[in-house]
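Counting convention: from 1, in listed order, for ligands and their atoms alike.
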Amino acid sequence: MANVLITGAAGGIGRALVARFFSAGYTVIATDIVERPSDLECAHYLKIDLERTVEDADYAATQFSAISASMNGDGLHALINNAAIQILGGVDSLTRQEWRKTLDINLLAPFLWTQALLAQLEKAKGSVVNVSSIHARLTKQNFVAYATSKAALSGMTRAMAIDLQGRVKVNAIEPAAIATPMLLAGFIDKPELLDDLNACHPSGEIGRPADVANIVAAIVDGSMPFLHGACLPLDGGISGRLHDPG
Ligand SMILES: NC(=O)c1ccc[n+]([C@@H]2O[C@H](COP(=O)([O-])OP(=O)(O)OC[C@H]3O[C@@H](n4cnc5c(N)ncnc54)[C@H](O)[C@@H]3O)[C@@H](O)[C@H]2O)c1
């Protein structure tokens with residue numbers, strides 16, 4: 001079955017992506033910086049530091065060889081650039097190091113991984129899906145680095161779709177709040193704030209990791225060839241809401 005490569009596979013949304021593609025019969029090549037979670041079902045698990053693949057060309061070449069070796073010559077049906085970090089900080093405090101780390105992991109790694117795997121993606125008439133964020137378009141205080149990286153990731157998605165026309169499909173999704181275990185853990189002592197968060201979404205609730213996995217699976221299944229260079233909101237309608245007093 002077709003190979004699908006998922007970064008950030010051990011995280012909240014990554015695990016849902018792995019489960020969705022594994023259950024659909026894909027050969028899932030999962031990667032993350034952490035050890036393989038014992039309950040993660042996938043064909044291959046590779047422990048890779050995305051930041052190092054940006055900073056260290058020799059390390060990157062070794063990792064890309066390992067990824068290619070796990071594909072058994074079949075090419076790559078989908079690269080899902082899901083991993084990201086979120087360093088919070090305002091204009092007064094963000095450091096050079098925080099900016100570099102954010103841009104390396106959230107922006108340059110998706111570019112360099114696509115570049116390195118282009119031949120395999122073309123071989124399978126494959127598709128890249130970048131997991132961007134609502135912060136690409138709408139943000140709040142202290143999200144300057146993260147929001148900028150996601151705005152650039154969405155912009156890069158559109159530009160790469162033009163550059164790779166006729167070769168590889170490139171799309172992004174821009175989710176709003178998704179109820180990952182980590183997000184929910186932040187509300188354990190304040191359930192009323194979680195109620196407020198759910199209620200402020202016109203959908204009546206925030207998204208689920210499975211929502212993200214389902215839309216990504218639909219994007220890469222080949223049934224929508226006109227979908228190219230799109231940055232799809234997955235936000236329960238919140239980006240249509242006007243927040244002014246009264
Ligand atoms: N959870 C949300 O509400 C939400 C909303 C919008 C967008 N997103 C996006 O969805 C994606 C997944 O988010 P999540 O909520 O599952 O986050 P998460 O923190 O649970 O998962 C991110 C994963 O990326 C991995 N990672 C971090 N640095 C890495 C590195 N240097 N090398 C390799 N792997 C690394 C982490 O180990 C982690 O498993 C991200 O792109 C995030 O920006 C999440």
Can you find a non-hydrogen atom of [X] under 4.0 Å from ligand 1?
X	answer
Ala176	yes
Glu174	no
Ala179	no
Ile48	yes

Is there a polar contact, in the sense of an N or O pair closer than 3.5 Å, between [X] and ligand 1?
X	result
Lys150	yes
Leu183	no
Ile134	no

Residue and atom name of the nearest protein heavy atom (relative to [atom]), distance in Å to one decimal:
atom	value
atom 20 (O) of ligand 1	Gly12 N, 3.0 Å
atom 40 (C) of ligand 1	Asn82 O, 3.1 Å
atom 7 (C) of ligand 1	Ser132 O, 3.4 Å
atom 37 (O) of ligand 1	Asp32 OD1, 2.6 Å
atom 27 (C) of ligand 1	Ile85 CG2, 3.8 Å
atom 9 (C) of ligand 1	Val131 CG1, 3.7 Å
atom 35 (C) of ligand 1	Ile33 CG2, 3.8 Å
atom 3 (O) of ligand 1	Ile178 N, 2.8 Å

Whether over 12 other heavy atoms sit under 6.0 Å from Gln115 CD: yes
Could you tell me, atom by atom, which parts of ligand 1 come under 4.0 Å of a heavy atom of [X]?
X	answer
Thr180	1 (N), 15 (O)
Glu51	31 (N)
Ala83	24 (O)
Ala10	39 (O)
Tyr146	7 (C), 8 (N), 42 (C), 43 (O)
Ala177	3 (O)

Does the protein put any heavy atom within less than 4.0 Å of atom 17 (O) of ligand 1? no
For residues Trp113 and Thr7, is any side-chain donor paired with an opposing acceptor at under 3.5 Å? no
Do Asn81 and Asn130 have a side chain donor and acceptor closer than 3.5 Å? yes
Kindly compute the distance separating CD (Gln141) from CG (Leu88), expressed to the nearest 0.5 Å. 12.0 Å
Could you see which bit of [X] sits under 4.0 Å from ligand 1, with heavy atoms only: side chain, backbone, both or neither?
X	result
Met182	side chain
Asp49	both
Pro175	both
Ile105	side chain

Check: [Y] and [X] side chains under 4.5 Å, non-hydrogen atoms:
X	Y	result
Arg208	Ile178	no
Val4	Leu17	no
Ile29	Ile6	no
Ile173	Pro175	yes

For [Y], does its backbone N or O pair with a side-chain atom of [X] as donor and acceptor, under 3.5 Å?
X	Y	answer
Thr102	Ala145	no
Asp32	Ala10	yes
Ser93	Gly89	no

Cluster link Leu227 to Val128, ILVMFWY, side chain under 4.5 Å: no
When hydrophobic residues are tied together by side-chain contacts of less than 4.5 Å, even through go-betweens, does Leu107 share a cluster with Phe143? no
Parallel, tilted or perpendicular, as decided by the 30° and 60° cut-offs, for the rings of His135 and Tyr146: perpendicular
So, are Arg100 and Asp104 salt-bridged, with charged N and O less than 4.0 Å apart? no
